[in-house]
Amino acid sequence: MPDLAADWLAPQPLDTAHALPAHCYADPAFHALDREAVFARGWQLVAHAAQVLGVGDHATAQIGAVPLLLVRGDDGRLRALHNVCRHRAGPLAECDGRGAKALVCRYHGWTYALDGALRGAPDMARARDFDPAAIRLPEARVAQWQGLVFAALTATAPAFDEVVAGIDARLPQPLAQLAFDRRVSYEAACNWKVYVDNYLEGYHVPRVHPRLATVLDAAQYATHSARWHSLQSSPLADARPYGAGEALYWFLFPNTMLNVLPGRLQTNRVVPLAADRCRVDFDYYYADSVAAAQRVEDQRFSDEVQLEDIAICEAVQRALASGSYTPGRLNPHAESGVHHFHELLRAAYRAT
Ligand code: FES
Ligand SMILES: [Fe+2]
């Protein structure tokens, strides 16, 4: 267990703030702590609403180590059930699907209703005092917003409305109007927080992303922080691949990004795999008016930027693990989003 009485855990004002210590990013003990202190207590993007529109539609997901099954019940309610059978931990569903009438465990066939209540257990008549009515799948919290589905494992996560408070009014169009196009996943040899830190500032754009730098406006690049999210915004040059408008990059603590560009939403979900490894899932959504050729160009450009980010994040991870690094000063103007993230992490660690 890391030393949680250390000085660096105290809140830091932005204008004197330092980055987090290297061991937060490199020590396997923090991988375990992040799972407990951050991921078990935060909201995670787990599906898009189109996957679970009708009764019996279901989608698998995972938060930390906990497998979830999102399923719409006969009552029309969307639930996030633990995908772990109460008999001997078999899986109820191993892939997404539509219109299920019940949830049947693949191991021995115990059958649950769509609300998670056990309905039947084959050949259990000889088990004395066995009461199926007392058995149900545990339920996580679930929220549907702007066509996206989020889940949280515990009551200690904030109210979901607080997490996204103020975002709707700033959106150029309702995100639910955009249709899912495709998913691309990347693995990076860095701690998930290195990836998030990098996302949260435009300070690196001129050096790391020379082409992206010609599309964004460095002089008007702005960062605003709310309680549980931050927003980076920039006017766009009227150039390919986006055209005129605004780039809006929302970060929802702890690991969700919503990148909103004209006619386009790209969600990023950063999944820790080990202290020094993470996976990032990119889901692309478009307005019908965005043509196929534009989508291909958009995805190529995003891929180019992503590979630039992964290369710098992996170099940073190696240096953080080298033993050389002590926390450096943050740029109060350009790294306020990083500071906001670090303050939320410090608070989460203090609360354990
Ligand atoms: S583990 Fe599910 S029926 Fe046995
Ligand atoms: Fe970047």
Side-chain angles (χ1 to χ4, degrees), residues 58 60 66-69 71 81-94 100 102-113 116-127 130-132 134-138 184 186 188-218 221 223 230-234 236 241-242 247-251 255 257-259 261 266-268 270 278 280 282 298-317 331 334-335 337-338 341:
H58 53 279
T60 58
V66 180
L68 295 177
L69 184 60
V71 56
L81 304 172
H82 288 216
N83 192 6
V84 180
C85 180
R86 297 297 106 185
H87 173 222
R88 282 182 34 238
L92 283 317
E94 293 176 291
L103 308 173
V104 183
C105 178
R106 196 167 76 73
Y107 205 174
H108 314 95
W110 285 24
T111 299
Y112 299 81
L118 185 65
R119 284 284 174 264
D123 204 22
M124 285 289 288
R126 275 200 271 174
F130 175 69
D131 178 12
I135 298 175
R136 59 186 310 129
L137 299 170
V184 182
Y186 303 84
C190 69
N191 184 269
W192 71 278
K193 300 187 292 293
V194 170
Y195 187 89
V196 173
D197 286 353
N198 175 72
Y199 175 87
L200 287 170
E201 45 89 357
Y203 198 18
H204 72 274
V205 169
R207 287 180 183 281
V208 175
H209 308 300
R211 198 167 146 224
L212 180 62
T214 66
V215 174
L216 301 176
D217 181 343
Y221 197 100
T223 303
S230 60
L231 167 64
Q232 297 168 83
S233 62
S234 168
L236 289 164
Y242 304 129
L248 297 159
Y249 303 125
W250 273 281
F251 168 68
N255 67 329
M257 291 108 175
L258 308 176
N259 304 319
L261 289 139
Q266 183 200 68
T267 65
N268 308 151
V270 189
C278 64
V280 192
F282 281 52
D298 173 38
Q299 289 161 17
R300 275 206 195 119
F301 186 41
S302 171
D303 193 53
E304 176 186 318
V305 171
Q306 173 66 1
L307 295 180
E308 290 164 347
D309 279 325
I310 288 176
I312 193 67
C313 286
E314 292 185 344
V316 165
Q317 182 70 32
N331 176 333
E335 294 178 301
V338 179
F341 175 50

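When a ligand or atom number is given, it counts from 1 through the structure's own listing order. Just so it is clear, the values below take in all heavy atoms, side chains as well, and ignore hydrogens, waters and symmetry mates.
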### Message
Run Tyr186 and Asn268 through side chain to side chain donor-acceptor pair (under 3.5 Å) and show every step you take.
### Response
CA-CA 10 Å; Tyr186 303 84; Asn268 308 151; over 6 Å; no
### Query
So Tyr195 and Asp309, side chain to side chain donor-acceptor pair (under 3.5 Å) or not? Walk me through it.
CA-CA 8 Å; Tyr195 187 89; Asp309 279 325; 5.3 Å; no
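Using a cut-off of 2.8 Å, one finds that Cys105 contributes no N/O/S atom close to atom 4 (Fe) of ligand 1. In summary, His108 places an N/O/S atom under 2.8 Å from atom 4 (Fe) of ligand 1, meeting the contact criterion.
Counted within 6.0 Å of CZ on Phe130, heavy atoms from surrounding residues, nucleotides or ligands total more than 12; the atom is thus considered enclosed.
Taking the Fe ion (ligand 2) as reference, Asp309 places its N/O/S atom OD1 nearest. Shortest distance from atom 4 (Fe) of ligand 1 to His87 is reached at ND1 (N/O/S atoms only).
Checking each of Val196, Val270, Asn255 against Cys278 for a side chain to side chain contact (heavy atoms under 4.5 Å, CB included) leaves exactly one that passes, namely Val270.
With ligand atoms numbered from 1 in the order given, ligand 1 contributes 1 (S) to contacts under 4.0 Å with heavy atoms of Gly90. When each atom of ligand 1 is checked for a heavy atom of Cys85 under 4.0 Å away, the hits are 1 (S), 2 (Fe), 3 (S). Near Trp110, with a cut-off below 4.0 Å to any heavy atom, the atoms of ligand 1 are 3 (S). In summary, the atoms of ligand 1 found under 4.0 Å from a heavy atom of Gly109, numbered by their order in the structure, are 3 (S).
Classification of the Tyr249-Tyr199 ring pair by plane angle, with boundaries at 30° and 60°, yields perpendicular. By the 30° and 60° cut-offs, the orientation of the rings of His87 relative to His108 is perpendicular.
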